[in-house]
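Read through the structure below, which is laid out as structure tokens, and then see the notes.
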Amino acid sequence: MAAYYVTTPIYYVNDAPHIGHAYTTTAGDVLTRWHRQRGESVWYQTGVDEHGTKVQRAAEAAGVSPQEWCDRLVSQAWIPVLDTIDAANDGFIRTTQEQHRLGVQRFWEVVRDNGYVYQADYEGPYCVGCEEFKLPGDVVTTDDGTIMCPVHDRPVEMLSEANWFFRLSAFTEALISHYENDPSAIEPVSAHNEVMSFLRQGLRDISMSRSSVTWGIGLPWDEKQVTYVWFDALLNYITAIGYGTEPGSEQAMEFERIWPADVHLVGKDILRFHAVYWPAMLMAAGLALPRKVFAHGWLLVGGEKMSKTRLTGIAPEFIVDHFGSDAFRYYFMRAINFGHDGSFSWEDMNARYTSELANGLGNLASRGTAMVERYRNGVLPAAGPPTDAETHLQTLLLSTVERCDERMLALDFAEGIAAIREYVEAVNLYVTEQQPWALAKDDAQAERLNSVLYTIIESLRAICVLYFPVMPKAMAALWQSLGAHAALGEIADQRIQSTAQWGQMPAGTVVSKGENLFPRLADADVQS
RNA sequence: GGCGGAGUAGCUCAGCCAGGUAGAGCAAGCGGCUCAUAAUCGCUGUGUCGCCGGUUCAAGUCCGGCCUCCGCUACCA
């Protein structure tokens, strides 16, 4: 069975993860968990990028080898953050792995054999003090026109070195027509437009190797050069799933099964690498193109892009320690329109947690299960004949699941969640209107009370399944509390497609109240 | 400069593609209820829809111009 293949970018290991990284990973995790819940085969891939000058320099500054530096950050920060946000990734790749190195080298040999790699001189401003080529943004021009290196405060020299170039220019027309034929291959539309206007300027060949850098993957045909870090990093999407392994091997067959990617999730700052360079590379190697590159927005703190220098780089555990991983996942998927920039503030998160999770969903679970315990000794009764109130909820559930599924598949997490939230509100309203506490006082209303209690629990059953991809821990707990595990099996085995089918909870199921799903939290004395 | 996005209630945002009496949630106030996590349900107010002009019976929505913020504009993880 072909796999629904989703990737995050591989994160650059020159620093510890912040909530911007966690945001991307969370989105991919919700998306892939949703597809699993639909019964699809899924591969969710993430990882880290360890090569390049910046890592090399960070390691030197810390007085360790680049590999030691990476090993430490990866094991102490990048792997643990997956657990912090409760990500269920299938793969985690490090670009220093042998498997990746071999795949990258194999790839570029193929591309070279296909005639898309050639040798030429790269010329640019070079600072002897830095011992490296400077980029236009890294140099300053003095009043008399001298180009200076700001690090060493001395003039740069124009130097040239032999590099290997990728014939990117050969793919301008192919990329334009590809995206014209399938505009949804880049989303949202603003990202598509940006790429198209870039492509229409025409593409220039690009240097794909460096002789001045040592921390990277050597070119198989030129040991003095390493692969430029982007042309190493992008390949993780195929090397991670078996590209370049022995034909006919199990890994090679996995690659055939999983590739192409269904969605590459990227921050909008790295859109061009994914929507231009990467597909061109794949064409050059004769491989299929990803079905979609989705560029999401940035998290804004105090109206500005999060940045370390402004001390707005927030560690995921800072939030998760207080609110929990489920609330973290819920908040970022619900409060921010995926594809747009979104504001984060502690106050907003706290307000939504209290109102939507504690008072809304958590309290509904609490009152529903508590009443079955209180009025029926914790045993779910069979429902009597439905009235309009019950029929309405059943019908609403049908449209809720349909709408939610449609929006989640379109990566519109906020609307998908909104559909579920509105259903939760409808059930809360139903409880208030039916007044089961009043029915309980009148023995003649026993069957009616049975119907109401059953309707609440059966609704919670559906809510539980729909919210499981977003909030796995809390919904697994609720599933237990409903007694659904004993009656219906694992929550992970419930299918979205049959969630709206009414009457799945068997009468006689033992329901227990359990701990509060989202306890009200004392205000933490923290600044946003 | 060019291209693109954004500017709507105190806050966060939807609505704009297919014009028809300004929306949601939160926050605030009042009321109902008491199963529940001081929770839930109902009611209530507020807006020069960035500015100017045009098209139209009718413009937040379409057209032109302008202002502000942001992004992209070739090898800066």
Side-chain angles (χ1 to χ4, degrees), chain A residues 9-15 49 51-55 122 124 133-139 163 165-166 168-169 188-208 210 228-231 233 267-273 276-277 295 297-298 300 303-305 334-337 339-345 347-348 350-352 354-375 414-415 418 421-422 425 427-440 449 452-453 456 513 515-521:
Chain A
I10 50 172
Y11 304 112
Y12 201 56
V13 182
N14 61 342
D15 215 336
D49 179 7
H51 289 138
T53 315
K54 288 196 178 178
V55 167
Y122 173 84
F133 283 94
K134 307 305 286 188
L135 297 157
D138 290 339
V139 295
N163 271 178
F165 277 71
F166 173 51
L168 184 64
S169 60
V189 175
S190 55
H192 173 267
N193 292 340
E194 207 163 287
V195 169
M196 290 308 278
S197 73
F198 179 76
L199 287 173
R200 286 185 176 121
Q201 296 173 45
L203 297 171
R204 216 180 289 165
D205 292 348
I206 179 172
S207 160
M208 53 73 64
R210 295 287 183 274
Y228 171 51
V229 67
W230 267 108
F231 290 135
K268 64 184 182 182
D269 49 333
I270 54 173
L271 171 64
R272 201 173 64 231
F273 296 97
V276 178
Y277 300 172
W298 287 327
L300 307 178
E304 293 183 1
K305 187 190 175 189
R334 179 261 182 273
I336 296 166
N337 228 318
H340 290 74
D341 290 355
S343 307
F344 166 81
S345 74
E347 290 75 15
D348 186 49
N350 192 59
R352 290 192 196 278
T354 302
S355 131
E356 297 173 11
L357 292 179
N359 296 351
L361 174 60
N363 185 55
L364 175 63
S366 191
R367 64 200 304 214
T369 51
M371 284 191 285
V372 174
E373 278 195 341
R374 183 165 171 158
Y375 300 136
E415 273 303 306
R421 201 179 65 250
E422 284 166 25
E425 287 169 4
V427 179
N428 258 327
L429 175 59
Y430 169 86
V431 175
T432 302
E433 287 180 344
Q434 300 308 313
Q435 304 183 57
W437 51 91
L439 298 173
L449 177 59
V452 173
L453 294 177
I456 298 168
K513 185 167 178 298
E515 296 289 305
N516 285 345
L517 259 28
F518 304 101
R520 290 175 69 86
L521 298 171

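Per chain, numbering begins at 1; letters A, B, ... match sequence-line order.
Of the candidates B:rC75, B:rC76, B:rU37, B:rU37 carries the atom nearest the A:Asn516 side chain, counting heavy atoms from C-beta on. In this structure, the nucleotide among B:rG71, B:rC26, B:rU37 sitting nearest to the side chain of A:Ala351 is B:rC26. Out of B:rG25, B:rU40, B:rA77, the shortest distance to the side chain of A:Tyr12 is found at B:rA77. For A:Thr432, the listed nucleotide lying nearest its side chain is B:rG32; candidates were B:rG32, B:rC3, B:rC76. You'll find that the side chain of A:Leu517 is closest to B:rU37, out of B:rC26, B:rU37, B:rC3. Comparing B:rC26, B:rC35, B:rC75 by their nearest atom to the side chain of A:Ser355 picks out B:rC26.
Nucleotide B:rC11: paired with B:rG25 (Watson-Crick or G-U wobble, both distances less than 3.5 Å). Base pairing of B:rC30 is made with B:rG42, judged by Watson-Crick or G-U wobble geometry with both donor-acceptor distances under 3.5 Å. If you check B:rG19 for Watson-Crick or wobble pairing at under 3.5 angstrom, you find it has no partner at all. Searching all strands for a Watson-Crick or G-U wobble partner of B:rC3 with both distances below 3.5 Å returns B:rG71. Of all nucleotides present, none satisfies the Watson-Crick or G-U wobble test against B:rG47 with each distance under 3.5 Å. Across all strands shown, B:rU56 has no partner, as no Watson-Crick or G-U wobble contact with both distances under 3.5 Å is found. Base pairing analysis places B:rU61 opposite nothing; no Watson-Crick or G-U wobble pair with both distances below 3.5 Å involves it.
The separation of B:rC35 from B:rC30, taken at their C1' atoms, amounts to 24 Å, rounded to a whole angstrom. Separating the P atom of B:rA24 from that of B:rA9 is a span of 14 Å, rounded to the nearest Å. The same atom, P, is picked in B:rA14 and in B:rC76; the two are 31 Å apart, to the nearest Å. Remark: the separation of the C1' atoms in B:rG2 and B:rA18 is 30 Å, to the nearest Å. A gap of 15 Å separates the P atoms of B:rC26 and B:rU44, to the nearest Å. The gap from the C1' atom of B:rA28 to that of B:rU68 amounts to 31 Å, rounded to the nearest Å. A distance of about 28 Å separates the C1' atoms of B:rG23 and B:rC66, rounded to the whole Å. Nucleotides B:rA6 and B:rG15 have their P atoms positioned 10 Å apart, rounded to a whole Å.
Without hydrogens or angle criteria, A:Ser366 side chain to A:Gly362 main chain gives no donor-acceptor distance under 3.5 Å. Formation of a donor-acceptor pair under 3.5 Å by the A:Tyr430 side chain with backbone atoms of A:Glu425 is not found in this model. No side-chain donor-acceptor contact under 3.5 Å links A:Asp49 to the backbone of A:Ile10.
Nucleic acid contact for A:Asn359: sugar-phosphate only, since backbone atoms but no base atoms lie under 4.0 Å from a heavy atom of the residue. Within 4.0 Å of A:Tyr11, counting heavy atoms only, lies no atom of the nucleic acid at all. Residue contacts for A:Ser207: at a heavy-atom cut-off of 4.0 Å it reaches a base atom on one of the strands shown. Residue contacts shown for A:Lys513 are limited to sugar-phosphate atoms, with no base heavy atom under 4.0 Å away. Using a 4.0 Å heavy-atom distance criterion, A:Val229 is classed as a base contact. Using a 4.0 Å heavy-atom criterion, one finds that A:Leu429 contacts the sugar-phosphate atoms exclusively. Using a 4.0 Å heavy-atom criterion, one finds that A:Leu271 contacts no nucleic acid atom at all. Contact annotation for A:Asn337: backbone-only contact, meaning every heavy-atom pair under 4.0 Å involves sugar-phosphate atoms and none involves a base. Across all strands shown, A:Leu364 has no heavy atoms under 4.0 Å from either base or sugar-phosphate atoms. Counting non-hydrogen atoms under 4.0 angstrom, A:Asn428 reaches the backbone sugars and phosphates but no base. Nucleic acid contact for A:Ala233: base, since at least one base atom lies under 4.0 Å from a heavy atom of the residue. Backbone-only contact: A:Arg374 has heavy atoms under 4.0 Å from sugar-phosphate atoms and none from a base. In this structure, A:Ala358 reaches the bases: a heavy-atom distance under 4.0 Å links it to at least one base atom across the strands shown.
One atom, CZ of A:Arg210, and another, C1' of B:rC76, lie 10 Å apart when rounded to the nearest Å. Between A:Phe198 atom CZ and B:rG71 atom P the separation is 18 Å, expressed in whole Å. Taking atom CD1 of residue A:Ile206 and atom P of nucleotide B:rA77, one finds them 11 Å apart after rounding to whole Å. Per the geometry, CG belonging to A:Leu199 stands 14 Å off C1' belonging to B:rG4, to the nearest Å. If you take CG of A:Asn193 and P of B:rG2, they are 17 Å apart, rounded to a whole angstrom. If you take CD of A:Glu347 and P of B:rA27, they are 14 Å apart, rounded to a whole angstrom. Remark: C1' of B:rU12 and CZ of A:Phe344 are 13 Å apart, rounded to the nearest angstrom. B:rC75 atom C1' lies 15 Å from atom CD1 of A:Ile270, rounded to whole Å.
Taking 4.5 Å as the limit, some side-chain heavy atom of A:Lys268 sits within range of a side-chain heavy atom of A:Asp341. With contacts defined as side-chain heavy-atom distances shorter than 4.5 Å, the pair A:Gln435/A:Val452 does not qualify. No side-chain heavy atom of A:Tyr277 sits less than 4.5 Å from a side-chain heavy atom of A:Leu203. Contact annotation: the side chain of A:Leu521 never approaches that of A:Thr354 to less than 4.5 Å [non-hydrogen atoms, C-beta and beyond]. With contacts defined as side-chain heavy-atom distances shorter than 4.5 Å, the pair A:Trp298/A:Asp269 qualifies.
Distances shorter than 4.0 Å separate some side-chain N or O of A:Tyr228 from OP1 or OP2 on B:rC76. The shortest distance between the side-chain N/O atoms of A:Ser343 and the OP1/OP2 oxygens of B:rC13 is below 4.0 Å.
Positionally, the nearest nucleotide of RNA chain B for A:Ala191 lies more toward the 5' end than for the other of A:Arg272 and A:Ala191. Projected onto RNA chain B by closest heavy-atom contact, A:Arg520 and A:Glu356 fall at different nucleotides, the more 5' of which corresponds to A:Glu356.
Classification of the A:Phe231-A:Phe166 ring pair by plane angle, with boundaries at 30° and 60°, yields perpendicular.
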